[in-house]
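Being a predicted model, the structure only gives us computed values, none of them experimental. A, B, ... follow the sequence lines: proteins, then strands. Residue 1 opens every chain.
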Amino acid sequence: MLRIAVNRLSSSSSSSCRLNHTAMAKVIASNSNSTTISPFHISDSVISDHQALVHNLEACKLSSNLRAATGTHGRMIKIGYGMHQTLISSLISVYVSCGCSNLASQLIKEIPCWDFDLISANVIIAAFMKISEIDIAKKAFDDMPIRDVVSWNSMIGGFVKNGRFEEALRIFQEMLSLNNEPDAFTFASVIKGCAQLGGRDHAQWIHGLLIEKQIAINYILGSALIDMYSKCGRIETAKEIFETIQRNDVSVWNAMINGLAVHGLALDAIALFSRMVLEEVSPDCITFVGILTACSHCGLIELGRKYFDLMSSYAIRPQLEHYGAMVDLLGRAGRIDEAYAIIQELPMEPDVVIWRAFLSACRTQKNSHMGEVAINKIETLKSGDYVLLSNIYCSANKWDSAERVRDKMKKNGVRKNSGKSWIEMAGVIHRFKAGDQSHLEREAIYKVLEGLIRRTKMEGFIPTKELVLMDVSDEEKEENLNYHSEKLALAYGILKSSPGTAIQITKNLRTCLDCHCWMKVVSKILYRVIVVRDRIRFHRFEGGVCTCGDYW
DNA sequence: ATAGGGTTAG
């Protein structure tokens, strides 16, 4: 079974915390004789050693004070609490919140036998899920003699955070089958997972279950539901929910504004912003991210500028992400110089996100010179960066330069992540990567696809080969345009659904130019609506045109 | 001890 790519894992590790075990021992040793172990200076004579350590760890966690944490760790060992399970779990949680995942992992490996009490085990699951040490979290969960709703929620939420939606759903099903009652926390995570999956049946199912369990829809669940229905292509249902729930929290508005934005309804998003102000809900920094990206994806340059300037009247100072949205807005619209000017005049240091937005603009504008400027600013190049640069050279007909990028990528051992698309049929998610051979019905799927390719050719469709060179490794050479993942998913949809019904596909990357053109033609010759949700927005193909107006 | 809405990229 294929797995969805994990996008944007939230692992925050500070460079100052990259200690190995020996270093850890040194820090501990240097602190254990110190008299200022506790940030609160609790005297041992007043309370017990154990209680003092508990207090210390609480304080360390609140202040994210690594030095104090290692100091406390040292003291724990010194006074014989080194293997105390409750303290260990607290310490692990402190190390994680300090961004020192390696210390947390090291520590758990030193525990010879795991017999954590309920709460300690829950702490450990949450901590290791946070740093994507899924196997450790799983082991802690599996070893528990008794679990409560928090244990289940931490596992489900952890899987969702790490992009493993199928496992999240599986464990949720297991929770239900063992007659454990889900609560609002459980639903928030499962709804988020369904949002990422993008399947309408899954969305309907979890919403129905939420109603059946009579769980009150607070602003968190409300935002999650709006987000889910938007991302599953049911913007109308999202709007209905928005109208019926309490809207006094900004996140509900943000979810709705972003929902409209991913559907390319920038003007509706802006109208909602005005209504929000009328209803006296203050926009926050995320509201503006939503509005600016809405403008960006629709090419509304002047409106984008207007809302960027409007931020100050709400006392919101633009952050990197707002500047990033502006770079994207201008770059996408072909105003490379203005985008570059924004970066140069930043009141803070540009991050990789900014440079990637700029690089992406260089790609759409086929500007290899500025693309080189951008790529040199990105310290650790990821596969996507190489692919973008290679694509820039290809579209500028600089084949030898493209070749050099691919060689460099190979030399550095970077593999291109393949695009994945999936489609929900009768409540089951079917996943495809480019040239996928793993589906049970592959023969029928390829037959449908080849038939479609013939028909689109007859219709005069010419493949856009400009980027074919982007296939980076030898093994992937056979991945040609005809078998891109979205085409396979579409073929499966056509194979399995009745004529005339709409087909909805979800993709983990941006849709490619060739596939986009092709989908338009297919929608026309089959008289069918095809909906593709890509990484940033929805495309609705009907009668040979797409709702994105070919601007994306 | 567990939950919501966010910018870039293939």
**Atom-pair distance (CD1 on A:Ile92; C1' on B:dA1), nearest Å** = 13 Å

**Complete:** Per atom distances to the A:Asn122 side chain, the nearest of B:dA1, B:dT8, B:dA9 is B:dA1

**Request:** Indicate, yes or no, whether a donor-acceptor pair under 3.5 Å links the base of B:dA1 to the side chain of A:Asn153.
**Result:** no

**Asked** So, does the side chain of A:Asp284 form a donor-acceptor pair with the base of B:dG5 at under 3.5 Å?
**Response** yes

**Asked** Which whole-number value in Å describes the distance from A:Leu359 CG to B:dT7 P?
**Response** 18 Å

**A:Glu345 and A:Tyr323 side chains, donor-acceptor separation under 3.5 Å** = no

**Gap between atoms CD1 and P, on A:Ile392 and B:dA9 respectively (whole Å)** = 12 Å

**Prompt:** Expressed in angstrom and rounded to an integer, what is the separation of A:Trp552 atom CH2 from B:dG10 atom P?
**Reply:** 11 Å

**Asked** For A:Glu58 and B:dA1, what is the distance between atoms CD and C1' respectively, to the nearest whole Å?
**Response** 12 Å

**Message:** Test of understanding: with side-chain contact (heavy atoms from CB on, under 4.5 Å), list the residues that count as partners of A:Thr287, not counting sequence neighbours.
**Reply:** A:Val250, A:Asn254, A:Ile257, A:Phe273, A:Met276, A:Pro283, A:Asp284

**Asked** Quick one: which of B:dG5, B:dT7, B:dA9 gets closest to the side chain of A:Leu388?
**Response** B:dA9

**Asked** How close or far is atom P of B:dA1 from atom CZ of A:Phe116, stated in whole angstroms?
**Response** 16 Å

**Prompt:** Across the strands shown, which category fits A:Lys507 at heavy-atom distances under 4.0 angstrom: base, sugar-phosphate, nothing?
**Reply:** nothing

**A:Glu279, CD: over 12 other non-hydrogen atoms inside 6.0 angstrom** = yes

**Prompt:** Could you give the CG-to-C1' distance, from A:Asp249 to B:dG5, as a whole number of Å?
**Reply:** 9 Å

**Item:** Side-chain heavy atoms of A:Val190 within contact of A:Leu209, under 4.5 Å
**Value:** no

**Message:** Starting the side chain at C-beta, find the nucleotide from B:dA3, B:dT8, B:dA9 nearest to A:Thr293.
**Reply:** B:dT8

**Complete:** Side-chain contact check for A:Arg332: nearest option of B:dG10, B:dG5, B:dT8 is B:dT8

**Request:** Check whether any side-chain nitrogen or oxygen of A:Lys192 sits under 4.0 Å from OP1 or OP2 of B:dG5, and answer yes or no.
**Result:** yes

**Item:** Between A:Asn248 and A:Gln246: side-chain donor-acceptor atoms closer than 3.5 Å
**Value:** yes

**Message:** Run the ring pair (Phe, Tyr, Trp, His ring centres under 6.0 Å) test against A:Phe242 and tell me which residues pass, sequence neighbours left out.
**Reply:** A:Trp253

**Message:** Less than 4.0 angstrom between a side-chain N/O of A:Lys161 and OP1 or OP2 of B:dA3, yes or no?
**Reply:** yes

**Asked** With sugar-phosphate meaning primed atoms plus P, OP1 and OP2, does A:Val123 contact a base, only sugar-phosphate, or nothing at under 4.0 Å between heavy atoms?
**Response** sugar-phosphate

**Prompt:** Hey, does the side chain of A:Ser360 come within less than 4.0 Å of B:dA9's phosphate (OP1/OP2), counting only N and O?
**Reply:** yes

**Message:** Using a 4.0 Å cut-off on heavy atoms, which residues in residues 181-188 of chain A reach DNA chain B? List them by number, or say none.
**Reply:** A:Ala184, A:Phe185, A:Ala188

**Message:** Just to be sure I understand the rule, does A:Asp227 reach a base, reach only the sugar-phosphate, or reach nothing, if contact means heavy atoms closer than 4.0 Å?
**Reply:** sugar-phosphate

**Message:** With a 6.0 Å cut-off on the ring centroids, do A:His484 and A:Trp518 count as close?
**Reply:** no

**Complete:** Regarding the side chain of A:Asp148, the nearest nucleotide among B:dA1, B:dG5, B:dG10 is B:dA1

**Item:** Donor + acceptor pair across side chains of A:Tyr229, A:His207 (<3.5 Å)
**Value:** yes

**Short side-chain N/O contact to B:dT8 OP1/OP2 from A:His322, under 4.0 Å** = no

**Message:** Is it the case that the base of B:dA9 and the side chain of A:Arg510 share a donor-acceptor contact (distance under 3.5 Å, atom types as modelled)?
**Reply:** no

**Message:** Of the listed nucleotides (B:dG5, B:dA9, B:dT2), which one gets closest to any side-chain atom of A:Val250?
**Reply:** B:dG5

**Message:** Quick check for you: among B:dT2, B:dA3, B:dG10, whose closest atom lies nearest to any side-chain atom of A:Ile220?
**Reply:** B:dA3

**Prompt:** Whole Å only: how far is the CG atom of A:Asp351 from the P atom of B:dT8?
**Reply:** 12 Å

**Prompt:** Between A:Trp152 and A:Phe141, how do the two ring planes meet: parallel, tilted or perpendicular, split at 30° and 60°?
**Reply:** perpendicular

